[in-house]
Structures are given as structure tokens and as C-alpha cells.
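Everything below concerns the one structure shown next.
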Amino acid sequence: QVQLVESGGGLVKAGGSLRLSCVASGRAFSSYAIGWFRQAPGKEHEFVAAISWSSDSHYADSVKGRFSISRDNAKSTVYLQMYSLKPEDTAVYHCAAPQPQIPIVDGMSWDYWGQGTQVTVSS
């Protein structure tokens, strides 16, 4: 198993930036894709971005061009750099991982989840 811990959330003004971190412990981090998801009050869980174990990246249309996902395997960490934040980005952000060496595809299972970090964007 892999354990995931998110950090970096906080309160930021619209137009500002935050960098979220997802730190993994357990088996070989480089074998896992990592995804970021968010859930705002009263809304469904939403895919945000993901990065494969081969460092291919994927983004939701709502964040493409504003968010950037990257990984540092030496530090067992995936980052979500968020620019030009909007109030509608306010949510609890979770990172997640599937089984190792699984490609990122629609409808895939995300088996391991962190506890989440709150991002609040004020207008």
C-alpha cells in the first residue's frame, strides 16, 4: 500500500497562487500515478489533474492553463501548482493513487486517498 498526505492549502485572494503537495510513503513512489480531486460544498467530487508514473500529465478543462502538476520521485512528492485562482476553485483537495503501474484512463479506480487539504479563494 501507499499512504498519501496532502498539504499546502489555505486562504488566498482571487488571482493568487498556491502550491499543494502530496507526499507518499510505502512502496516505490515512482510506480504510481497520482491524481488530484476536489469537492466543493454541495457539489460532486471532481477530477482536477493527474500525472502518470511516466510523468504524462492530464487536466480538467476547468483548470487547464492555470494549474500545473509535477512530481519529484526523489522526494516521493507530487505538486499541484495553482495560478490565477478563482472563487469557484474553493474546495477540499485530495490526492489519490491507483494500483502501481496503472495507466490513467477514464473510469479507472483510485484505490488510495489522502485526507485532504482545504483551499479557499476569496473574491
Seminar exercise, completed: Shortest non-hydrogen pair, Ala91 vs Ala40, comes out as CB-N, 3.8 Å
Apart from [X] itself, what residues make up its hydrophobic cluster, given side-chain heavy atom links below 4.5 Å?
| X | result |
| --- | --- |
| Tyr79 | none |
| Val92 | none |
| Ile69 | Val2, Leu4, Val12, Leu18, Leu20, Phe29, Tyr32, Ile34, Trp36, Val48, Ile51, Tyr59, Val63, Phe67, Val78, Leu80, Met82, Leu85, Tyr93, Tyr112, Val119, Val121 |
| Val5 | none |

Can you name the residues that form a side-chain hydrogen bond (donor to acceptor under 3.5 Å, both in side chains) with [X], not counting sequence neighbours?
| X | answer |
| --- | --- |
| Ser25 | Gln3 |
| Ser52 | Ser54 |
| Ser55 | none |
| Asn73 | Arg71 |

For this session: May I have all residue pairs that pass salt bridge (Lys or Arg N to Asp or Glu O under 4.0 Å) and include part of residues 73-94, sequence neighbours excluded?
Result: Arg38-Asp89, Arg66-Asp89
Exercise. Can you tell me how far the OG1 atom of Thr90 sits from the CD atom of Gln118, to the nearest 0.5 Å?
Worked result: 7.5 Å
Exercise. When you measure from the side chain of Glu6 to the backbone N and O of Gly116, does any donor-acceptor pair fall under 3.5 Å?
Worked result: yes
Problem set entry | Residue pairs, two or more places apart or on separate chains, that pass disulfide bond (SG atoms under 2.5 Å apart) and touch residues 20-123 | Cys22-Cys95
Exercise. Under the ring-ring contact (aromatic ring centres under 6.0 Å, His included) test, which residues partner Trp110, sequence neighbours left out?
Worked result: Phe37
Problem set entry | Pairs meeting criterion side chain to side chain donor-acceptor pair (under 3.5 Å) with involvement of residues 9-21, two or more places apart | none
